[in-house]
Amino acid sequence: MSKFVQKIFFFIAFMSEIPLFAVRVPAWFEHKELSYPSEFYISAIGEGATENEAKNNALSQISLFFHTNAEVCNELIKTYNETETKNSYSSKETTSIVEKAKIRSQAEFFGVQFTGSFAVKQRIYVLAFIERESVFKVYEQEIKQNALVLTHMLEYAENPKNYVTGLNCAKSAVTISALTAELVKNARIVKSVSENYFSSVENLINRSYTALKTCQENLTFTISVQNDWKDTIYTTLSKLMEERGYAVSSGGDKSTSTLSVTVTADENQTGAGVFLYAKISVTALATDGKPYFSYARTFDKKGARKQADAYRLTYKMIADELKKSFIYEFDEHTQPEFK
């Protein structure tokens with residue numbers, strides 16, 4: 001092989017190692033703070049095997065950012081809901097962060113945008129960012145709208161003349177308050193504002209929880225049961241209502257609502273024993289006697305050789321069903337749909 005041919009051969013081999021087009025690295029990949037300064041943006045670089053995976057990874061980091069910086073707002077949330085438990089997060093396991101990012105908050109992260117994707121070494125990278133000022137305005141508008149709704153609901157929730165209606169509205173107000181508190185928390189993270197900036201809506205939030213507590217304390221129930229057996233149904237319903245935070249009275253002027261309960265147990269005696277076909281109906285009545293909730297169940301026959309055992313097993317079956325479904329249906333019905 002001549003020297004000329006050898007030179008050509010080595011030149012071709014050398015050129016084959018050089019890409020025809022150099023990959024342009026985006027500025028945000030190498031200098032994120034310069035491209036998206038933290039003073040104006042909340043941003044995170046995500047990576048994954050696909051573009052969607054990279055975006056989800058970036059979103060989970062932004063969600064973690066909100067949680068990490070929300071420590072300064074924890075006292076605010078505790079003021080509104082003392083029963084809320086503190087979630088735990090780990091920045092070491094990306095998968096768990098992504099999963100928790102989906103459920104950690106009722107409030108949305110508004111205005112998240114993405115850059116174009118960038119590939120290197122078979123990994124896809126993308127940057128997610130939030131523009132602080134514009135997103136703060138979105139949060140602020142959402143908070144103002146919720147404040148108007150809370151004001152309307154509290155007109156009824158704080159009315160002591162009808163604690164049944166008040167309780168319904170107070171429950172809705174507390175649900176909205178929890179969401180609004182989360183929005184306030186996120187808004188403070190996006191933009192630093194004065195301590196009193198959201199004081200008016202924070203006052204509404206506190207009033208919502210106070211109204212709920214007041215309505216529950218003043219909504220006293222009298223439970224009247226027809227055809228009970230050894231106070232099984234009365235005891236079961238009393239315990240359920242008290243565990244839910246309601247007061248139960250033996251009767252009198254203090255009562256503001258009545259649970260009128262009727263149990264039927266049709267008895268059928270055979271050579272094999274005693275069988276009962278049971279039904280129960282519960283109607284909740286306001287002070288003026290108008291019903292506002294009803295509950296009913298029909299049961300399969302229950303029997304035993306001895307009459308006492310048949311009644312014991314039948315009423316236990318009714319009590320078990322009340323424990324399973326009564327409070328759930330009562331809460332669902334007395335929590336009005338909020339539009």
Side-chain angles (χ1 to χ4, degrees), residues 66-67 70 72-87 102-110 139-189 195-221 239-248 256-257 259 284 286-287 292-293 295 325-339:
F66 274 80
H67 172 77
V72 297
C73 301
N74 277 350
E75 192 62 34
L76 180 68
I77 303 303
K78 288 179 182 177
T79 301
Y80 304 151
N81 189 355
E82 296 177 354
T83 62
E84 183 176 354
T85 57
K86 184 178 180 181
N87 296 324
K102 296 176 182 177
I103 63 173
R104 66 163 299 277
S105 169
Q106 298 180 66
E108 299 177 55
F109 293 121
F110 297 107
Y139 277 123
E140 190 173 33
Q141 184 60 33
E142 290 287 324
I143 292 167
K144 287 180 179 179
Q145 291 178 358
N146 284 4
L148 291 175
V149 173
L150 287 174
T151 300
H152 176 70
M153 300 304 290
L154 285 171
E155 290 177 2
Y156 297 92
E158 294 178 333
N159 177 16
K161 295 180 181 180
N162 188 338
Y163 286 107
V164 175
T165 302
L167 180 65
N168 296 340
C169 294
K171 286 182 176 180
S172 291
V174 164
T175 299
I176 299 164
S177 291
L179 174 59
T180 306
E182 192 76 9
L183 290 170
V184 169
K185 180 195 71 176
N186 287 353
R188 289 185 181 277
I189 292 172
E195 184 179 351
N196 297 325
Y197 192 87
F198 291 109
S199 59
S200 60
V201 71
E202 288 168 358
N203 179 54
L204 292 173
I205 293 171
N206 281 324
R207 284 170 57 191
S208 298
Y209 283 94
T210 300
L212 177 61
K213 183 178 180 181
T214 300
C215 288
Q216 287 179 328
E217 289 176 347
N218 286 278
L219 181 55
T220 304
F221 286 89
K239 187 176 181 179
L240 287 172
M241 298 302 286
E242 288 173 346
E243 287 178 348
R244 200 72 181 94
Y246 301 112
V248 176
T256 54
S257 184
L259 293 183
T287 308
Y292 62 90
F293 168 74
Y295 171 96
S325 61
F326 178 78
I327 284 295
Y328 172 78
E329 291 191 17
F330 184 82
D331 285 347
E332 283 291 304
H333 186 83
T334 56
Q335 174 81 36
E337 290 187 10
F338 185 79
K339 297 180 180 180

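The model shown is predicted, which means the values in this text are computed figures rather than measured ones. No hydrogens, no waters, no symmetry mates; every other heavy atom, side chains included, goes into these values.
- Residues R244 and F330 have side chains not in contact (no heavy-atom distance under 4.5 Å, counting atoms from C-beta outward).
- Remark: K185 engages E182 in a salt bridge, criterion side-chain N to carboxylate O under 4.0 Å.
- Across all their heavy atoms, V201 and A147 have their closest contact at CG2-CB, 4.0 Å.
- Side-chain contact between T220 and S257 is absent, with no heavy-atom pair separated by less than 4.5 Å.
- Minimum interatomic distance between A173 and M153 (heavy atoms only, all atoms of both residues): CB-CB, 4.2 Å.
- Put simply, NZ on K144 and OG1 on T180 are 14.0 Å apart, with the number rounded to the nearest 0.5 Å.
- Considering CZ of R207 and OG1 of T214, their distance stands at 11.5 Å, rounded to 0.5 Å.
- Using a 4.5 Å heavy-atom cutoff, the side chains of I176 and S208 are not in contact.
- Under the 3.5 Å distance criterion, the side-chain polar atoms of T175 are matched with a main-chain donor or acceptor of K171.
- In plain terms, the two heavy atoms of S177 and L150 that are nearest each other are OG-CD2, 3.6 Å.
- Applying the 6.0 Å contact sphere to CD of E195 captures no more than 12 heavy atoms from other residues, nucleotides or ligands.
- The minimum heavy-atom distance linking I143 with A187 is given by the pair CD1-CB, 4.2 Å.
- Residues Y209 and K213 are not in side-chain contact: their nearest non-hydrogen atoms beyond the backbone lie 4.5 Å or more apart.
- Distance CD/E158 to SG/C169: 11.0 Å, rounded to 0.5 Å.
- Using modelled atom types, one finds no donor on one side chain facing an acceptor on the other under 3.5 Å when comparing Y197 with E202.
- In this structure, Q145 CD and Q141 CD are separated by 5.0 Å, a value rounded to the nearest 0.5 Å.
- Contact of the L204 side chain with the T151 side chain is registered, since non-hydrogen atoms from C-beta on lie closer than 4.5 Å.
- Using a 4.5 Å heavy-atom threshold, the side chains of F198 and N203 count as separate.
- The side-chain heavy atoms of I327 and M241, taken from C-beta on, include a pair separated by under 4.5 Å.
- Listed here is the closest heavy atom pair of E329 and Y295: OE1-CD1, 3.4 Å.
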